[in-house]
Amino acid sequence: MNPTTYKINDQYKSDSFSGVTFTLKEGADKTPIDLTGALILSQFRKKEVTGAIQETLSIGSGITVGDATGGVFSFDAFVLDWDTGTFFYDIQITFPNGDVKTYVKGTLNVIQDITNV
């Protein structure tokens, strides 16, 4: 299984990022992935997939599970006080049985606004 690629909309530096919600499903019948008891981890890295870590999100610290049995979780809102540039991220799930899977990967571009140069 290859991770789904999801590009988060471009964001302005120092603006509020309103978050994004993901719903994980699998198989031909699109069965929701049960996240009950799972750990969810995401890291944003600058310029390349092996770049410096800008932000790490996890449940209770930037990630909120909205419907565990329905596979729904969100990146919480926060002020994006990062440098400008492209950031790469993925979302890794560790299930209670020890299985680890990466379901989503993508990018987020932080662009300079004019007002707060």
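All values below come from the heavy atoms of this structure, side chains included, with hydrogens, waters and symmetry mates left out.
Applying the salt bridge (charged side-chain N to carboxylate O under 4.0 Å, His left out) test to residues at least two apart or on different chains, the pairs with a partner in residues 38-63 are K46-D83.
Contact detail for K13 and W82: the closest heavy-atom pair is NZ-O, 2.9 Å. Nearest heavy atom pair, residue V79 against residue S14, reads CG1-O, 3.7 Å. Between Q11 and S16, the shortest heavy-atom contact is OE1-O, 4.3 Å. Considering all non-hydrogen atoms of both residues, F95 and D34 come closest at CE2-O, 3.6 Å. Closest approach of G71 and P32 over heavy atoms only: N-CB, 4.3 Å.
Side-chain atoms of D76 and S74 include no donor-acceptor pair closer than 3.5 Å. For the residue pair D29 and T31, a side-chain donor N or O sits within less than 3.5 Å of a side-chain acceptor on the partner.
Using a 4.5 Å heavy-atom cutoff, the side chains of I40 and Q92 are not in contact. In this structure the side chain of L57 never reaches within 4.5 angstrom of the side chain of Y89, judged on heavy atoms. With contacts defined as side-chain heavy-atom distances shorter than 4.5 Å, the pair S42/F75 qualifies. Taking 4.5 Å as the limit, some side-chain heavy atom of I59 sits within range of a side-chain heavy atom of V65. Within the 4.5 Å cutoff, side-chain heavy atoms of K25 are placed close to those of T23. Residues V104 and D90 fail the side-chain proximity criterion, which asks for heavy atoms closer than 4.5 Å. Two residues are said to be in side-chain contact when any heavy atoms from C-beta on lie closer than 4.5 Å; L80 and L108 meet this criterion. Counting heavy atoms from C-beta outward, T94 and L41 have side chains that stay 4.5 Å or more apart.
Note that CG of L35 and OG1 of T69 are 9.0 Å apart. Values are rounded to the nearest 0.5 Å. Between K105 atom NZ and K7 atom NZ the span is 15.0 Å, to the nearest 0.5 Å. To the nearest 0.5 Å, atoms CD1 (I93) and OG1 (T102) are separated by 8.5 Å.
Applying the side-chain hydrogen bond (donor to acceptor under 3.5 Å, both in side chains) test to T107 and every residue at least two apart in sequence or in another chain returns nothing.
When the shell of 6.0 Å around NZ of K30 is examined, it contains 12 or fewer heavy atoms from other residues, nucleotides or ligands.
V72 belongs to no multi-residue hydrophobic cluster, having no ILVMFWY side-chain contact under 4.5 Å with any other such residue.
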**Request:** Begin from the C-alpha positions of T86 and N109 and carry the test side chain to side chain donor-acceptor pair (under 3.5 Å) through to its verdict.
**Result:** CA-CA 4 Å; T86 299; N109 291 318; 2.6 Å; yes

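A continuous path of ILVMFWY side-chain contacts below 4.5 Å connects F73 to V20, so both sit in one hydrophobic cluster. In terms of hydrophobic clustering, with Ile, Leu, Val, Met, Phe, Trp and Tyr side chains grouped at heavy-atom distances under 4.5 Å, F44 and V49 are assigned to different clusters. F88 and F17 are not part of a single hydrophobic cluster, where members link through side-chain heavy atoms under 4.5 Å apart.
Separation of the Y103 and F22 ring centroids does not fall under the 6.0 Å cut-off.
Judged purely by atom type and a 3.5 angstrom limit, Q54 has no side-chain atom pairing as donor or acceptor with the backbone of A52.
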